[in-house]
2 protein chains.
Amino acid sequence: MTNSTNRRAQRREETREKILTAAVRVFAELGFEAASMGSIANRAGLKKALVQYHFETKLNLWQEAVNSLWEELHSLENRLPRLAEVSTRDEEREILRQVFRAIIDFARSHPDWVGIMFREASTPGPRLDWLVENHLKKDIEEGSAFIALAQSHGLLPQGSPLHILNIISGALTYPLLVSPLTKRAAGISMASEESLDATVDILLNMLKP
Amino acid sequence: MTNSTNRRAQRREETREKILTAAVRVFAELGFEAASMGSIANRAGLKKALVQYHFETKLNLWQEAVNSLWEELHSLENRLPRLAEVSTRDEEREILRQVFRAIIDFARSHPDWVGIMFREASTPGPRLDWLVENHLKKDIEEGSAFIALAQSHGLLPQGSPLHILNIISGALTYPLLVSPLTKRAAGISMASEESLDATVDILLNMLKP
DNA sequence: CGTTTCACTATGCGATCGTATTGTCAAATT
DNA sequence: AATTTGACAATACGATCGCATAGTGAAACG
């Protein structure tokens with residue numbers, strides 16, 4: 001592979017990434033059906049035909065965009081504090097706080113992930129099937145395992161880990177999801193540092209000590 | 001007004017309601033942009049032009065559909081157990097359980113409301129502005145007031161009622177929102193009676209006694 | 001009974017959708 | 001230097017979008 005071979009390949013990769021970045025944003029904001037190839041091309045500052053050249057169909061573009069998004073984020077669990085390495089109850093509670101912070105920080109710094117995730121998760125169909133098979137199944141399994149571990153440490157009550165995962169995800173993610181509403185109705189920005197702190201604090205205070 | 005005058009008015013009202021019912025469903029499932037006048041007409045078993053005849057524009061149809069939905073549901077608070085009339089701590093905790101059940105039952109039996117609500121609440125724009133001004137502002141105020149009341153009874157921790165409202169709404173609503181995902185990934189139906197019970201139980205068990 | 005009203009249909013407009021085809025021109029290969 | 005490759009653009013296809021206009025026919029009215 002000469003230097004010149006790379007020149008074209010590099011340019012190709014650059015535009016592909018431009019398109020994928022724009023696609024992730026638009027899909028997250030509008031959902032699959034409402035997002036259009038043209039709007040994605042405009043967002044990337046490119047021509048519609050070029051998008052179709054690099055990613056043949058809209059569905060394929062969506063899949064590749066989702067793949068690149070998951071690849072970029074890798075996995076939330078990797079950043080989770082290690083629950084197994086603590087012992088005393090006080091330390092465990094501090095770990096729980098850090099876990100909540102990690103989840104909520106993740107949701108705030110990756111609104112595209114939240115957008116695509118919850119839009120597809122709430123509508124049955126082939127895209128959800130694909131998403132589950134290729135990404136979410138593993139994520140859910142890891143999340144459930146983490147919950148089970150926290151349960152074994154007495155940090156969370158008994159019950160299906162999947163249910164608890166949903167409850168905690170909802171308690172921490174939903175406020176960010178509807179933050180445009182909160183902003184409009186009460187003038188409060190849920191993505192602000194104070195609001196994030198407040199949300200974690202409140203949730204911790206609600207839990208048994 | 002004779003009997004015959006009513007015949008036409010009644011038929012008019014019948015088709016209008018058919019259209020509104022279909023519109024609520026389609027808007028909730030697909031969101032505003034992805035929903036089309038044609039698909040709504042098809043869902044109602046009518047012609048597209050007839051939809052346009054009764055509700056001139058798509059935006060107007062959406063607004064009237066939302067109005068009819070809110071009108072049908074009236075208000076969640078009306079069905080909430082009266083928190084102010086209890087005294088002992090045990091009774092209060094039972095009230096809290098009933099409140100949670102009321103919220104989660106509401107979300108389950110009105111998926112259209114949840115769908116429209118969370119789709120619009122997560123995207124800034126003129127429709128969210130309209131929704132806030134005409135319905136959600138009042139709903140949020142009533143919900144916050146209820147949280148504040150629960151706080152004064154020592155049932156919920158201190159902190160912004162709005163934050164707590166979001167946390168509780170998320171914890172109870174999110175599991176139903178992503179139930180298609182849970183169904184696909186784990187084969188569990190979150191809308192089942194057992195799952196609802198489990199969700200409420202877990203959330204209550206997580207709270208301080 | 002003749003006339004008016006009105007719920008509803010047929011048809012078509014321009015715009016945009018996803019997709020396909022063909023052309024262009026610089027870079028890479030031989 | 002001649003030739004092939006490939007990133008990208010121009011253009012067009014049929015379908016569907018929201019919306020507008022001109023009817024049609026039965027119910028309501030005088």
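Side chains included, hydrogens not; waters and symmetry mates left out as well; all remaining heavy atoms used. In what follows, every chain begins at residue 1, and chains take the letters A, B, ... in the order their sequences are listed.
Going from atom CG of B/L30 over to atom C1' of D/dC17 covers 14 Å, rounded to whole Å. Taking atom CD on A/E14 and atom C1' on D/dG6, their separation rounds to 16 Å, with Å as the unit. What separates CG of B/N60 from C1' of D/dC19 is a distance of 13 Å, to the nearest Å. Separating the CD atom of B/E33 from the P atom of D/dG18 is a distance of 10 Å, rounded to the nearest angstrom. Rounded to an integer number of Å, the gap from CD1 of A/I19 to C1' of D/dA9 is 13 Å. Atoms CD (B/E56) and P (D/dA20) sit 9 Å apart, rounded to a whole Å. If you measure from atom CD1 of B/I40 to atom P of D/dC17, you get 10 Å, rounded to the nearest angstrom. The distance between atom CD of A/Q10 and atom C1' of C/dA27, rounded to the nearest whole Å, is 14 Å.
Counting non-hydrogen atoms under 4.0 angstrom, B/A41 reaches nothing in the nucleic acid. Nucleic acid contact for A/A35: sugar-phosphate only, since backbone atoms but no base atoms lie under 4.0 Å from a heavy atom of the residue.
Ring-plane geometry between B/F27 and B/F32 is classed as parallel, the angle between the planes falling under 30 degrees on a 0 to 90 degree scale with a further cut at 60.
Between the side chain of A/T123 and the backbone N or O of A/E120, no donor-acceptor pair lies under 3.5 Å.
Here the nucleotide nearest the side chain of A/K58, chosen from D/dC8, C/dC8, C/dT19, is C/dT19. For A/R7, the listed nucleotide lying nearest its side chain is C/dA27; candidates were C/dA27, C/dA10, D/dC8. Across D/dA9, C/dT19, C/dT9, the shortest atom-to-atom separation from the side chain of B/K47 is found for C/dT9. Of the candidate nucleotides D/dT5, D/dG18, D/dA27, D/dA27 has the atom lying nearest to any side-chain atom of B/R8.
Atom CD of B/E29 sits about 11.5 Å away from atom CD of A/E33, to the nearest 0.5 Å.
When the side-chain nitrogen and oxygen atoms of A/Q52 are compared with OP1 and OP2 of C/dG18, none of them lie within a distance under 4.0 Å. Listed pair A/T15 / D/dA7 fails the phosphate criterion, with no side-chain N or O lying under 4.0 Å from OP1 or OP2. Of the side-chain N and O atoms in A/Y53, none sit less than 4.0 angstrom from OP1 or OP2 of D/dC8. Distances shorter than 4.0 Å separate none of the side-chain N or O atoms of A/H54 from OP1 or OP2 on D/dG6. Look at B/R11 and you'll find a side-chain N or O under 4.0 angstrom from OP1 or OP2 of C/dC8.
When only modelled atom types and interatomic distance are considered, A/W70 and A/N134 share no side-chain donor-acceptor pair under 3.5 Å.
Between the side chain of A/K48 and the base of C/dT16, no donor-acceptor pair under 3.5 Å is found.
B/E14 CD: more than 12 foreign heavy atoms inside a 6.0 Å radius.
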